[in-house]
Amino acid sequence: MRLYSFRYIIPQAFKSLKLNGWMTFASIMTISITLFLCAISWLLVVNIDANAQQMESDVRVSAYISQSISSEDYSALKKEIEAIDGVDQVEFVSKAQGLSDLEKRFGGVNLEDTLGGNNPLPDRFSISAVNKDSVNSVAKAVKKLTGIDTVRYGEGSVEKLFALTDTVRKVGITLIILLGIAAITLVAMTIRLTVFARRKEIMVMKWVGATNAFIRLPFLLEGVILGVIGALIAVVLVFICYNYAGAYVAGTISFVYLLKLGDIWLNILGFAVLAGLLMGAFGSFISLIKGLDV
Amino acid sequence: MLIKTINVCKVYKNGLEALKNINLEIDGGEFVFLTGASGAGKSTLIRLLFREELATTGQVLISGRNIARLSQRETVRLRRNTGVVFQDFRLMERNTVFDNVAFALKAVERSWEEIRIRVPQVLEKVGLGGRESENVMHLSGGEQQRVAVARAIINHPLILFADEPTGDLDPNTSLELMKLFEQINNDGTTLLIATHDKEMVNRMHRRVLTLNGGKLVGDTVGGWQL
């Protein structure tokens with residue numbers, strides 16, 4: 001293929017896109033929707049993963065102090081906890097402090113007013129373990145101490161998050177495969193229409209001795225353009241939605257940690273453009289397998 | 001021998017036997033008419049010769065090569081050495097004269113500089129000099145056929161096949177087109193023209209191959225046989 005042939009091939013591909021306006025539009029939209037859902041599923045999975053990992057590395061045991069003991073005994077109790085094997089640090093959290101922490105996590109809601117001026121939270125010790133494997137044994141030992149009512153350390157919640165990631169991944173993949181097939185079929189149909197509309201030119205090209213590559217390349221390029229435009233639309237939509245979601249989450253449920261768009265935008269853009277390009281190229285390829293040989 | 005067919009038969013999928021046992025030879029530089037009534041097999045033979053279709057049995061040889069056995073690359077080379085003109089011109093209606101002719105050069109990947117020089121030259125040769133920018137649909141039938149001829153000869157083919165090129169043209173215009181074909185033949189291109197224009201064939205006094213019911217029934221120099 002000679003370089004100056006692209007002066008014919010590239011404009012030809014764009015002309016064809018204009019020629020089948022509605023099919024072009026439908027193909028681009030299907031690719032956009034497919035890649036949009038793909039990117040959203042991926043974002044859900046990576047964010048849930050990130051949250052699960054953060055939770056796992058940051059598990060603290062909350063030991064709620066029984067109301068039957070007086071606050072003078074707290075320091076003795078703290079010493080007892082510190083003496084347990086595997087305990088790293090012990091921090092006292094008063095009921096007032098606990099309520100204010102909770103208010104912060106729910107985005108600054110005034111819980112005390114909502115609860116009619118009562119604070120139902122008990123005082124507690126927040127205990128960190130030397131490593132995540134000793135969390136379980138620390139919790140058990142703390143629970144046995146006199147003066148400790150209940151012990152919580154988020155048992156099972158990390159596993160639940162990982163299970164959620166798995167479900168999101170499975171549903172996402174199924175949706176993406178189905179939509180991907182639809183998108184590729186639409187691209188193939190669009191290219192078929194172009195081939196039909198330009199059958200006379202194709203015949204003339206064959207008669208005068210054009211090569212297979214020269215005849216096929218504009219159609220292949222047409223598919224690739226459909227894919228890349230679809231991908232770019234999807235990326236813009238994903239960025240807008242993620243920004244809104246980020247702002248919403250930060251303002252309402254601040255304990256959920258969202259990955260910053262600045263850190264992942266290149267992954268999304270790169271993946272979407274590559275996937276769009278491949279879908280478009282594959283769509284045109286299957287429509288060109290038969291019928292265009294010289 | 002430039003063109004040779006050996007026992008060529010063509011049977012279509014619907015069972016129609018379009019050509020039966022065709023044996024013919026055409027030398028380089030000849031000007032040959034292929035005549036016969038409608039349905040005699042003229043168009044089928046032309047299609048076999050430029051490899052639009054393949055013979056069911058028998059061989060078609062161009063420059064000694066069996067064209068059924070050509071690789072893709074060799075087929076491309078064969079096509080670059082043969083030009084084709086049809087009764088219905090088969091031009092790209094929305095395009096200009098220049099674009100229609102230039103298309104044949106673009107398709108074989110010639111540079112823009114070469115296209116700019118050669119298109120006006122070939123248009124001059126077919127009598128359409130200075131008409132480059134006109135839309136082909138604004139031309140008369142004879143002029144449109146000249147555009148089709150220009151497109152077919154711009155790559156300097158060794159052979160030019162024409163399938164009923166004067167079918168849609170009036171007698172005067174047909175005669176002018178024949179003169180153009182003679183001129184192309186004088187430049188060294190071998191011509192095979194399928195026609196049922198009896199008057200034209202008689203007037204030209206060239207070699208005449210006659211097909212009847214798919215069989216080659218005559219090969220003489222002079223005039224119409226049937």
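Letters A, B, ... mirror the listed sequences (proteins, then strands); counts begin at 1.
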Given heavy-atom pairs under 4.5 angstrom as the criterion, report whether the side chain, backbone, both or neither of B/Glu113 touches chain A.
neither
If one checks every heavy atom of B/Ile154 against chain A at 4.5 Å, the contacting part turns out to be neither
Basic-acidic side-chain contact under 4.0 Å: B/Glu93, A/Lys200
yes
Just do the side-chain contact (heavy atoms from CB on, under 4.5 Å) check on B/His156 and B/Ile153 with the steps written out, would you?
CA-CA 5 Å; B/His156 305 302; B/Ile153 62 168; over 6 Å; no
Which region of B/Phe86, side chain (C-beta onward) or backbone (N, CA, C, O), has a non-hydrogen atom less than 4.5 Å from a non-hydrogen atom of chain A, or is it both or neither?
side chain
Indicate the ring-plane relationship of B/Phe98 and B/Trp112, choosing parallel, tilted or perpendicular according to the 30° and 60° boundaries.
perpendicular
Would you check, one step at a time, whether the test side-chain contact (heavy atoms from CB on, under 4.5 Å) holds for B/Leu49 with B/Thr82?
CA-CA 9 Å; B/Leu49 292 177; B/Thr82 48; over 6 Å; no
One option among B/Gly83, B/Ala104, B/Ala152 has the most heavy-atom pairs under 4.5 Å with chain A, and it is B/Ala104
